[in-house]
Amino acid sequence: MARHSIARTGLAALSAAALLTLTACSSEPPAAEGGEAAGGGDELISVGFSQVGAESGWRAANTKSIQDTITEENGFELSFSDAQQKQENQISALRNYIAQGVDVLAFSPVVETGWDAVLEEAKAANIPVVLTDRAVETEVEDAYVSFIGSDFVKEGEMAGEWAAEEYDGEGYKVVELQGTTGSAPAIDRKEGFASAIEGTDLEIIDSQTGDFTRDGGKKVMEGFLTAHDDIDVVFAHNDDMGLGAIEAIEAAGKTPGEDIKIITIDAVKDGMQALADGKINYIVECNPLLGPDLAEVIKATVAGEPVEERIVVKDEAFDQEAAVAALPDRQY
Ligand code: GYE
């Protein structure tokens, strides 16, 4: 898509420039204390990671994956911060890491736009940036070395294709619980779903943000139920908002999964349990276990090896039967 293309051009050039700097630095004594790995004498790679927040089960699993992988044992020194879903908190965390002179910056940008200044600052400091989970839209050339995450448009399409297959011809009315306004997954999942149901008789009658939280999903769904008495389907951009919607639907005396069908994205354990219980009808997966890919990209970047500028994480989808089968081994 065009809005991602600017940042993608000339990434190889950044890798080369950033790596030259890192290679040059690595023969110098470490600037900061604690830069030596125990015993081996190898320098730890210092990583500043700015996380979006703790808004969902997906995010909890994603944070755990990063904290379990970017460890001293694996050769890293991780500085981690939680931005509580606020862009200004993320920007100041990134600025702190730049001031500390970390080797690599990584972050999951809460929204797509508004990063140009801080990305320029990272570039000026020769600190390579890795994006995890969410994309940015930026005018800065060579803004990041790699973007690791799912294809959110495809996730929305998979949800919409299933809805079209199951429900086209019923004249169903759909309400949509959107993720955080301005975030890549909210923009892309909305677009993917809408394009997949185009040409069917499914109709989106209302669409609002629940900010990817359970509480947000519940409140927005309560409003939808008051405003509309003809809702057949909920499309929630994540499991947590779908789980909040279940509470609102039950409180209104209706049966989730039957009177009102529910389609969500993520496939975290609580969502999968609700699917197995028949309260959710379909879930498209979004894999949160990005830590291992992030570790590899950082190591390659610092070692001067080429890295993929886009690493697309593969996602599956589950109906009730598949959820029952998958639940016992589900990691998150
Ligand atoms: O789907 C949602 C979380 O960016 C893919 O953020 C992520 C989304 C995920 O809050 O649960």
Side-chain angles (χ1 to χ4, degrees), residues 4 49-66 82-87 89-90 106-113 115 130-137 147-160 176-193 208-218 220 234-246 262-275 280 282-291 293-294 310-318 330-332:
H4 295 153
F49 188 96
S50 169
Q51 180 61 290
V52 168
E55 72 281 5
S56 64
W58 190 98
R59 190 63 56 195
N62 178 249
T63 290
K64 184 170 187 308
S65 172
I66 286 154
D82 171 342
Q84 301 180 324
Q85 297 235 71
K86 292 201 175 71
Q87 183 173 34
N89 292 347
Q90 278 202 296
F107 73 115
S108 173
V110 57
V111 290
E112 281 197 332
T113 56
W115 303 102
V130 182
L131 297 181
T132 68
D133 162 33
R134 297 183 182 178
V136 298
E137 189 188 323
F147 165 38
I148 306 161
S150 294
D151 180 340
F152 300 136
V153 176
K154 187 152 176 250
E155 291 172 348
E157 278 168 6
M158 285 162 79
E176 180 177 36
L177 294 167
Q178 293 182 41
T180 303
T181 305
S183 71
I187 295 166
D188 292 354
R189 288 170 182 171
K190 185 177 199 329
E191 178 192 318
F193 186 85
Q208 283 174 40
T209 181
D211 215 11
F212 279 131
T213 66
R214 205 172 285 210
D215 198 44
K218 185 179 174 200
V220 175
V234 175
F235 168 48
H237 288 187
N238 79 344
D239 286 354
D240 282 84
M241 291 190 296
L243 292 162
I246 288 174
I262 304 179
I263 302 167
T264 67
I265 296 177
D266 273 358
V268 294
K269 256 201 190 125
D270 288 355
M272 292 287 271
Q273 188 60 57
L275 177 57
I280 292 180
Y282 194 66
I283 304 185
V284 175
E285 180 183 43
C286 182
N287 190 335
L289 306 181
L290 306 182
D293 278 341
L294 176 61
R310 176 72 174 102
I311 297 171
V312 183
V313 178
K314 231 185 125 278
D315 299 315
E316 295 176 49
F318 300 87
R330 203 74 188 150
Q331 282 184 62
Y332 50 89

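Hydrogens, waters and symmetry mates are skipped; everything else that's a heavy atom, side chains included, is used. We count ligands from 1, going down the list as the structure has it; atoms in each ligand are counted the same way. Predicted model only: the values in this text are computed from it and were never measured.
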Number the atoms of ligand 1 from 1 as they appear, then name those within less than 4.0 Å of a heavy atom of [X], with their elements.
X	answer
S56	2 (C), 3 (C), 10 (O), 11 (O)
P185	4 (O)
F212	2 (C), 10 (O)
E55	3 (C), 6 (O), 10 (O)
C286	5 (C)
F152	5 (C)

Applying side-chain hydrogen bond (donor to acceptor under 3.5 Å, both in side chains) between Q51 and each of D82, T63, D133, report the one that passes.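 Result for side-chain hydrogen bond (donor to acceptor under 3.5 Å, both in side chains) with Q51: T63.
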Test F107 against every option in V52, T132, L131, V130 by the side-chain contact (heavy atoms from CB on, under 4.5 Å) rule and name the one that passes.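 Between F107 and the candidates, side-chain contact (heavy atoms from CB on, under 4.5 Å) is satisfied uniquely by L131.
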May I ask you to check if ligand 1 and H237 share an N or O to N or O distance below 3.5 Å?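 It does not: no N or O of H237 is found under 3.5 Å from an N or O of ligand 1.
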Between R59 and ligand 1, does any nitrogen or oxygen pair lie at a separation below 3.5 Å? yes
Side chains of E176 and H237: do they bring a donor and an acceptor to under 3.5 Å?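 Yes.
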To which of N238, I265, V52 does the heavy atom nearest atom 2 (C) of ligand 1 belong? N238
Min heavy-atom dist R189 to ligand 1 below 4.0 Å: yes
Contact check, D133 vs ligand 1, heavy-atom distance below 4.0 Å: yes
Identify the protein heavy atom lying closest to atom 8 (C) of ligand 1, giving its residue, its atom name and the separation to 0.1 Å. R134 NH2, 3.7 Å
Protein heavy atom at shortest distance from atom 9 (C) of ligand 1: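 Closest protein heavy atom to atom 9 (C) of ligand 1: D266 OD1, 3.5 Å.
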Heavy atoms only: give me the nearest [X]-[Y] pair and the separation to one decimal.
X	Y	value
F212	S56	O-CB, 3.8 Å
D315	N287	OD1-N, 3.0 Å
D266	Y332	O-CE1, 4.4 Å

Rounded to the nearest 0.5 Å, how far apart are OG1 of T180 and CD of E112?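 Between atom OG1 of T180 and atom CD of E112 there are 12.0 Å.
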For E55, which residues count as a salt bridge (charged side-chain N to carboxylate O under 4.0 Å, His left out) partner, sequence neighbours excluded? R59, R134
Hey, are the side chains of T213 and Q85 touching, using non-hydrogen atoms and a 4.5 Å cut-off?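 Heavy-atom side-chain distance check passes, below 4.5 Å.
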